[in-house]
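Every chain is numbered from 1, with letters handed out A, B, ... down the list of sequences. These numbers come from the heavy atoms of this one structure, side chains and all, not from hydrogens, waters or symmetry mates.
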There are 2 protein chains.
Amino acid sequence: MQQDVLRSELRRRKQRMTAQRELVLKAFADTDAEHLSSEEVYRKVLEKRLRISKATVFRTVELLAEVGILRKIVFRDGIVRYELVEDTENEEQQIICNQCGKAFDFSLDKINDLLKSAEEKTGFKIEEVQIKFYGLCPECQERLERIRKATNSAHI
Amino acid sequence: MQQDVLRSELRRRKQRMTAQRELVLKAFADTDAEHLSSEEVYRKVLEKRLRISKATVFRTVELLAEVGILRKIVFRDGIVRYELVEDTENEEQQIICNQCGKAFDFSLDKINDLLKSAEEKTGFKIEEVQIKFYGLCPECQERLERIRKATNSAHI
DNA sequence: ATAACTGCAAATCATTTGCAGATTC
DNA sequence: GAATCTGCAAATGATTTGCAGTTAT
């Protein structure tokens, strides 16, 4: 698992494995949440009655991102969150409901064609692709339809 | 132009057109930069020897985004920047250099196919597509290559 | 006239930093 | 034992807020 990846990366960098670094990594391994902010990691560690400081969480999470174990994402609310890289391998594509906010991962073939043609057009060497579709999920489409029927009269 | 859009939107909302709101809008209209942070808008107004407070810039820029004149973007450095919506209409596709941060708009055909196939797969009704490619722009590729050659000896 | 807006300064909130003491290799 | 960590508390920097005075309608 990532423990070992971390250990060997740390050795390469002449850095050390510590209890706190394990705790932060474990927080990500143990949670169902897709992403965690530093604040959330901090709380998860405290919940287990283990000690860590916020500053250390910030430093550790940043380290794990440098090492490639976590991916750093700046969310629309401006808060930085992290996710385990392996969890989302090849799932950079998300479809998000504008109504209920639920996000679903899904994968599309054809992405590679797209990437190639973008590289040709721009001369870039592409390292990461992010595709987000925003729209209405099936449930919200139905719900909104029902509401529209019910409120039919009171509209402009 | 956007002046009029703003005026009528404000009327609808029972809000007022003010000198400061014009100034902020003008800052976006007059600049070559693709995006401006509140701080940058603030400076641009001051440069013209006109008075505005930072708080007002923050409030105004947020208002313009609500109204749909500006698009709010949270950058990787955590700073919120805004861009004129019309500038990027139909150009949701951006390619961004991980090194120098320059972003380029460009368009790809094939997007519609992609969209269709995503709708079929998920049952969503898609309203917006955002595609971001991250990588190295041609200049940075060159520069990095040059640096690598120059520093060849001192490496692991 | 009066509701909406602005400027100011103080407050907030996430994140960063300096440093002294604790820990890992 | 020495370099690397951690915790703490103070600093920072972007953004927000309360409020008294100003301005647009």
Starting from A:V67, can I reach A:Y82 by hopping between I/L/V/M/F/W/Y residues whose side chains sit under 4.5 Å apart?
yes

Using the rule that Ile, Leu, Val, Met, Phe, Trp and Tyr join whenever any side-chain heavy atoms are under 4.5 Å apart, tell me whether A:V61 and A:F58 fall into a single cluster.
no

Rounded to the nearest 0.5 Å, what's the gap from [atom1] on [X] to [atom2] on [Y]? Could you check?
X: B:H35; Y: B:F28; atom1: NE2; atom2: CZ; value: 10.5 Å
X: A:T18; Y: A:R21; atom1: OG1; atom2: CZ; value: 5.0 Å
X: A:I69; Y: A:L84; atom1: CD1; atom2: CG; value: 8.5 Å
X: A:M17; Y: A:R7; atom1: CE; atom2: CZ; value: 4.0 Å

Any side-chain heavy-atom pair from A:L63 and A:Q15 closer than 4.5 angstrom?
yes

Value in whole Å for how far the [atom2] atom of [N] lies from [atom1] of [X]:
X: B:E22; N: C:dT6; atom1: CD; atom2: C1'; answer: 15 Å
X: B:L36; N: D:dT15; atom1: CG; atom2: P; answer: 13 Å
X: A:R21; N: C:dT24; atom1: CZ; atom2: P; answer: 11 Å
X: A:E62; N: C:dT16; atom1: CD; atom2: C1'; answer: 11 Å
X: A:L10; N: C:dT23; atom1: CG; atom2: P; answer: 19 Å
X: B:Q20; N: C:dA4; atom1: CD; atom2: P; answer: 17 Å
X: A:F58; N: D:dA10; atom1: CZ; atom2: P; answer: 18 Å
X: B:R13; N: C:dA4; atom1: CZ; atom2: C1'; answer: 13 Å

Check A:L36, A:L23, A:V45, A:I52 against A:V57 for a side-chain contact (heavy atoms from CB on, under 4.5 Å) and give me the one that passes.
A:I52

Divergence of helical axes at both termini of the helix from C:dA1-D:dT25 to C:dC25-D:dG1 - five pairs an end, 10° steps:
30°

Contact string for nucleotides 19-25 of chain D, one letter per nucleotide 5' to 3', B = base within protein heavy-atom range under 4.0 Å, S = sugar-phosphate only, - = neither, reads ----BBS

Please indicate whether A:R51 has more than 12 foreign heavy atoms, meaning atoms of other residues, nucleotides or ligands, lying under 6.0 Å from its CZ.
no

Where along residues 40-57 of chain A does a heavy atom fall under 4.0 Å from DNA chain D?
A:R51, A:I52, A:S53, A:A55, A:T56

Flag the pair A:E83 and A:K72 as a salt bridge only when some basic side-chain nitrogen lies within less than 4.0 angstrom of an acidic carboxylate oxygen.
no

Between B:E40 and B:K44, is the side chain to side chain contact (heavy atoms under 4.5 Å, CB included) condition met? List the steps.
CA-CA 6 Å; B:E40 288 162 346; B:K44 281 192 180 295; 5.5 Å; no

